[in-house]
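Here is how names work: the chains are called A, B, and so on, in the same order as the sequence lines, proteins then strands, and each is numbered from 1.
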There are 2 protein chains.
Amino acid sequence: MEAFENLSQAKQQRIINAALREFSDKSYRSASTNTITEQAGISKGALFHYFGSKQQLYHYLMDHTSQQIKAKVLDGLPRTDDLIELFQIISQRKAKLATSYPLMFDFLYRVFREQPEDLKYTELVRQTVELMNVLSSDTIDTSRFREGIDLAKAIDICSWMTEGYAKKYAQTHPQMAVEDMLVAADELFDTLRVMLYKEGV
Amino acid sequence: MEAFENLSQAKQQRIINAALREFSDKSYRSASTNTITEQAGISKGALFHYFGSKQQLYHYLMDHTSQQIKAKVLDGLPRTDDLIELFQIISQRKAKLATSYPLMFDFLYRVFREQPEDLKYTELVRQTVELMNVLSSDTIDTSRFREGIDLAKAIDICSWMTEGYAKKYAQTHPQMAVEDMLVAADELFDTLRVMLYKEGV
DNA sequence: ACGTCTATTGACCAGACCGGTCAATAGATG
DNA sequence: CATCTATTGACCGGTCTGGTCAATAGACGT
């Protein structure tokens, strides 16, 4: 690890990206260190010199990416009591991050789905992924909600809707710019307001 | 194939289930015929005697499962102009089918996600999977919808909500009986009514 | 120019596992 | 007991794996 951190930033990044891509595409077992070294443009010996083993490389990637993403999402998040507004802000940040660092997101989602016993992800990873989907929040104004809708339900609904929307958008407009998507997504949040909030709130 | 169809129904089912499970768990490439024969309790030679090759076995599974599921979902579907009611019925059928034949569903979803060039799924498979998610329907009464919500939007919303709900339920109550889940899901459809339909419809 | 030292290479392991074959065997049938 | 078919599993040539290590390249001090 020390050897790796003494490398130039550019080279470190090349290796990290190659590894993230491979571990995103395939299961831990099927992911190949050969492929990683080829993609990174380094020799096999070098990789094992830097990280010791495949498993240590994997754990490094988990810690590294969780740390990065968690910081970027939470940094300077504005306070608001409007649940939908909050969701809108977080979605915007996630969308921008996901286009700036798609490899990190792909990788973390895969980590979240797998979770074999012997390479259990750290608490940090769990927190990070969860943070993307759920809001623990006592600061939300629930009086806006329609009859029969409580906070937990509203959070689920917002999560499912934004998730579904993002998935559909990615499928139908695979190459569109983030900014355009965010504009288009405004319509989604308007709809959410119609559905969740009482008339005239 | 002829040899296979002459086997007892029980043995055919054992082989099909073993193969479905293996092809659901792993990519086509990584799926192992050895594992399949072990799980099915037959010899390796037998499997290749029945199907000729790994690829032919895979194609047989695609055709077989699509045919079965499509029939079961569409059979005797009642007519209604209430979109949410329709979703509720289809969800109930899907839920029951998914618990009766979980292997088939897992397999088809995997087929839909992968789609390598050389083992392109048939049109039948495409139709079947799509049919699970989308409703083409001109018979829906859209006058119930709130201001600003059209049919396409409503279909998306219902899809995303039922999908999200199913996913959450599967995670939080992994071993619950279908019947209980369907009762619990009634609440979801009530919520959908509150959100999508005008007051008092 | 030369010796020293560290960073990097890639040919090379032993072993796991692959899809597919086929001579040998078991079991049913007349 | 002979015949015939259904089934077996040891075996094949391959590919690919994670990991090693003697050999090499390149930077640096003198």
K54(A) NZ - dT20(D) C1' separation (whole Å): 17 Å
Spacing between R29(B) atom CZ and dT15(D) atom C1', to the nearest angstrom: 8 Å
N or O in side chain of Y50(A) less than 4.0 angstrom from dT8(C) OP1/OP2: yes
Toward the 5' end of DNA chain D, by each residue's nearest nucleotide, I42(B) or S53(A): I42(B)
Residue-phosphate contact under 4.0 Å: K11(A) side-chain N/O, dT8(C) OP1/OP2: yes
Shortest side-chain distance from T33(A), nucleotide among dT7(D), dG18(D), dG20(C): dG18(D)
Contact check, side chains of R21(A) and T35(A), non-hydrogen atoms, under 4.5 Å: no
Y28(A) six-ring centre to K54(A) NZ/CZ under 6.0 Å and within 45° of normal: yes
dC18(C) OP1/OP2 closer than 4.0 Å to side-chain N/O of N34(B): yes
Euclidean distance, atom CD1 of residue I15(A) to atom C1' of dT8(C) [Å, nearest integer]: 11 Å
For atom CD1 of I36(A) and atom P of dG18(D), their distance in whole Å: 8 Å
Any S32(B) side-chain N or O less than 4.0 Å from OP1/OP2 of dC18(C): yes
Residue-phosphate contact under 4.0 Å: S43(A) side-chain N/O, dT8(C) OP1/OP2: no
Integer-rounded Å distance: dG20(C) P and F51(B) CZ: 13 Å
Polar side-chain contact K44(A)-dG18(D) base: donor and acceptor under 3.5 Å: yes
Flag for N17(B)-Q39(B): side-chain donor and acceptor within less than 3.5 Å: no
Side-chain donor-acceptor contact under 3.5 Å, D82(B) with Y197(B): yes
Candidate list F51(B), Y50(B), F23(B), test ring pair (Phe, Tyr, Trp, His ring centres under 6.0 Å), partner Y60(B), passing option: F51(B)
Nucleotide dA7(C), atom C1' - distance to CG of L47(A) in whole Å: 14 Å
Interatomic distance where CZ belongs to F48(A) and C1' belongs to dT17(D) [whole Å]: 9 Å
Interatomic distance where CG belongs to N6(A) and P belongs to dC5(C) [whole Å]: 20 Å
Side chain of A46(A) - closest among dC16(D), dT7(D), dT9(C): dT9(C)
